[in-house]
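Small disclaimer: the values here were computed from a predicted structure and weren't measured. Letters A, B, ... mirror the listed sequences (proteins, then strands); counts begin at 1.
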Amino acid sequence: MDNLEVARILGEIADLLEIKSDNPFKIRAYRNGAEIAANHPHQLATLDEASLREIPGIGKDLAARIREIADTGDAAFHRDLLAELPSTVLDLLALQGVGPKTVAALYRDLGIRTLDDLERAAIDGRVRSLRGMGAKKEALILRALEERRQHAGRHLLPETDEVATTLVDYLRAHAPGATVTPVGSLRRGCETCGDIDLLAAGADVSLMDHFVAHPLVERVTGRGDTKSSVLIRGGFQADLRLVAPESRGAALQYFTGSKAHNIALRDRAIGLGFKLNEYGLFRAGDDTAPVAGEREEDVYAALGLDWIAPELREMRGEIDAAQARALPRLLNLTDLRGDLHMHTTETDGKENVLAMAGAAREAGLEYIAVTDHSKSLAMANGMDERRTLAHAARIRSIDAQGIGIRLLAGVECDIKPDGSLDLADDCLAALDLVVASVHSGFNQDHRQMTDRLLRALENPYVDVLGHPTGRLLLRRQPYPFDVAAVIDAAGARGVALEINCQVNRLDLSDVHARLAKERGARLVVSSDAHSRSALRWLRWGVLVARRAWLTGENVINTLPLDVFRGQLRRNQA
DNA sequence: GCCGTTTTCGGCCCGACTGTTTTCAGTCG
């Protein structure tokens, strides 16, 4: 019983209570409990009730529920709720614009239990018969259903990584002599993954028996000696492929993809008188002795190419660059010296400045900017000018104590709908760094949103444009605006563009970040952490940066603090 | 459901936006 499963059940309880219009604070307690479980560094299932109760936010009831889940796999309270409401209504809740009240009304008055039920009702015009619903709401629901369809079956990268890691560890334990590696979109670092592809080289066929018997496996959809497919709880498909050790490199290459990259590579092989498949690179007409196959590097080398990092294998020019020996030296996580976007208990973060600084120091960072929210974000307890300056004074006073990491006093300042900033210029000027972000008014049209962002960039105290496109992966498209124009304006004014590492944002995307690099804009990779554990997310932003062909030189928070400060827009001549 | 304690009860981040209204309910963040 891992923490994620505990979190899933607590989260479902919260959702079900919400649909039932139960006490909002009780709902919050369960939701908070789910978040605690998902982010707790230790296995909750190994803690007794007294130890669980020591965790802030876990009281008598939640401790008992977590113990029950750990011991029995579920909680009676959860089962009772599911007896009142079918679990399929939880799918409705995931639709953009559909909340618990709507779900409750749909279920109670129209008997809608599933997404299919809802789609039929919306098409038939039955949804508008409900109090408070009209034609627009119906259209909204149909659009949300369509968006969901586009994303169906895909999962966020970290979620996929977590399940894959569980499977890989398990397979390695059952095949100690073999090498087991995640391949496919996960190895390429794609922002979302459709399935989990695993490669085992040098394992006995019996590994397949272990694979299909894994406790997370819900259904076995294919079972062979070299390839098996299963459905994993949580909606993942996972494939395991077995190859001989001498084919490991070729198989890694083949199963990592992308498809387009592989087609181009095989085409190149043919042109050079070879044949490339998952078993090796062979001279045409001779399948017996491979030219390369054990090491992936050798496959590329035999084709006259430098080894290409998996993140680049998307047919975006990597083969030409590899042939020209001109591939970039990609950014590494250890290159990052600073993190420029994080929140504390001053607004909606979970930890105080000192705790966040300590976690960043432990993560090996040399400096951080503390950037709590500005006043427009009332739900996050955003700061007005007075609080912003007082907070900055506290941050600087902690910094002055010398705590082994340097602190910058910043703010994440809202960009208002007209493009003005949420805090007065003299306040922004008094800080070390300002991240400016859009958090509301997403429904402006292309022209309005472009003007809004361009106007924000004109403010001389804006140093970084935070999560520039506002997208939420698998949930919300970027707001419409002229991305190239905004990138150009940022580049011209010396404003850095953020790669936000929140796992459902990853914003800028790889494609836009690469555009930014090509247009000469500078970038930063920032965690947007609201808790200590979220600093780990920097890893995902680095993957985006790598997929964007970024090197350390393109990302200014790789610089030592004194040099970095000179690169901030506010400190430029 | 959790928390604190001068309080074992009473408080718990709440404003913007939308679509439905005729003064508000629901959703989002």
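Using modelled atom types and a 3.5 Å distance limit, the side chains of A:S376 and A:D414 yield no donor-acceptor pair. Judged purely by distance below 3.5 Å, without hydrogens or angles, the side chains of A:N557 and A:D339 never pair a donor atom with an acceptor atom. A:T114 and A:D116 are not linked by any side-chain donor-acceptor pair at a separation below 3.5 angstrom, with hydrogens and angles left out of the test.
At whole-Å resolution of the value, NZ in A:K101 and P in B:dG19 are 20 Å apart. Taking atom CZ of residue A:R143 and atom P of nucleotide B:dT18, one finds them 12 Å apart after rounding to whole Å. Going from atom NZ of A:K375 over to atom P of B:dC13 covers 22 Å, rounded to whole Å. Here B:dC28 presents its P atom at 17 Å from NE2 of A:H439, a figure rounded to the nearest Å. Separating the NZ atom of A:K136 from the C1' atom of B:dG26 is a distance of 16 Å, rounded to the nearest angstrom. One interatomic measurement links the two molecules: CG of A:N32 to P of B:dC13, which rounds to 11 Å at whole-angstrom precision. One interatomic measurement links the two molecules: CD1 of A:I27 to P of B:dC13, which rounds to 14 Å at whole-angstrom precision. Regarding A:L140, its CG atom lies at a distance of 13 Å from the C1' atom of B:dT20, rounded to whole Å.
Spacing of P atoms, B:dC17 relative to B:dG11, comes out at 30 Å, to the nearest Å. B:dT20 sits 15 Å from B:dC28 when the P atoms are compared, rounded to a whole Å. Taking the P atoms as reference points, B:dC2 lies 22 Å from B:dT6, given to the whole Å. Comparing the same atom, C1', in B:dG26 and in B:dT21 gives a spacing of 13 Å after rounding to whole Å. Comparing the P positions of B:dA16 and B:dT7 gives a spacing of 37 Å, expressed to the nearest Å. A distance of about 12 Å separates the C1' atoms of B:dT5 and B:dG10, rounded to the whole Å. Using atom C1' as the reference point in both B:dC13 and B:dC3, the two lie 16 Å apart (nearest Å).
Between A:D15 and A:R31 there is a salt bridge, since a side-chain N of the basic residue sits under 4.0 Å from a carboxylate O of the acidic one. A:E458 has no carboxylate O lying under 4.0 Å from a charged side-chain N of A:R455, or vice versa, which leaves the two without a salt bridge.
Remark: B:dT8 base-pairs with no nucleotide in the shown strands. Criterion, Watson-Crick or G-U wobble with two distances under 3.5 Å.
OP1 or OP2 of B:dG1 sits under 4.0 Å from a side-chain N or O of A:R65. Note on A:R28: a side-chain N or O is less than 4.0 Å away from OP1 or OP2 of B:dC13. For B:dT27, one of the phosphate oxygens OP1 or OP2 lies less than 4.0 angstrom from a side-chain nitrogen or oxygen of A:T102.
The side chain of A:P100 lies closest to B:dT27 when the candidates are B:dG29, B:dT27, B:dG1.
Taking only distance into account, the side chain of A:D61 never meets the base of B:dG1 through a donor-acceptor pair shorter than 3.5 Å.
Nearest-nucleotide assignment on DNA chain B puts the 5′-proximal partner with A:L62, out of A:L62 and A:A135. Annotation: of the two residues near DNA chain B, A:V98 and A:N381, the 5′-most nearest-nucleotide partner is A:N381.
For the side-chain contact (heavy atoms from CB on, under 4.5 Å) test with A:D507, the passing option among A:Q502, A:H467, A:E191 is A:H467; the others fail.
As judged by a 4.0 angstrom heavy-atom cut-off over every strand, A:L93 is placed among residues making no nucleic acid contact. Using a 4.0 Å heavy-atom cutoff across all strands shown, A:P56 reaches sugar-phosphate atoms only and no base atom.
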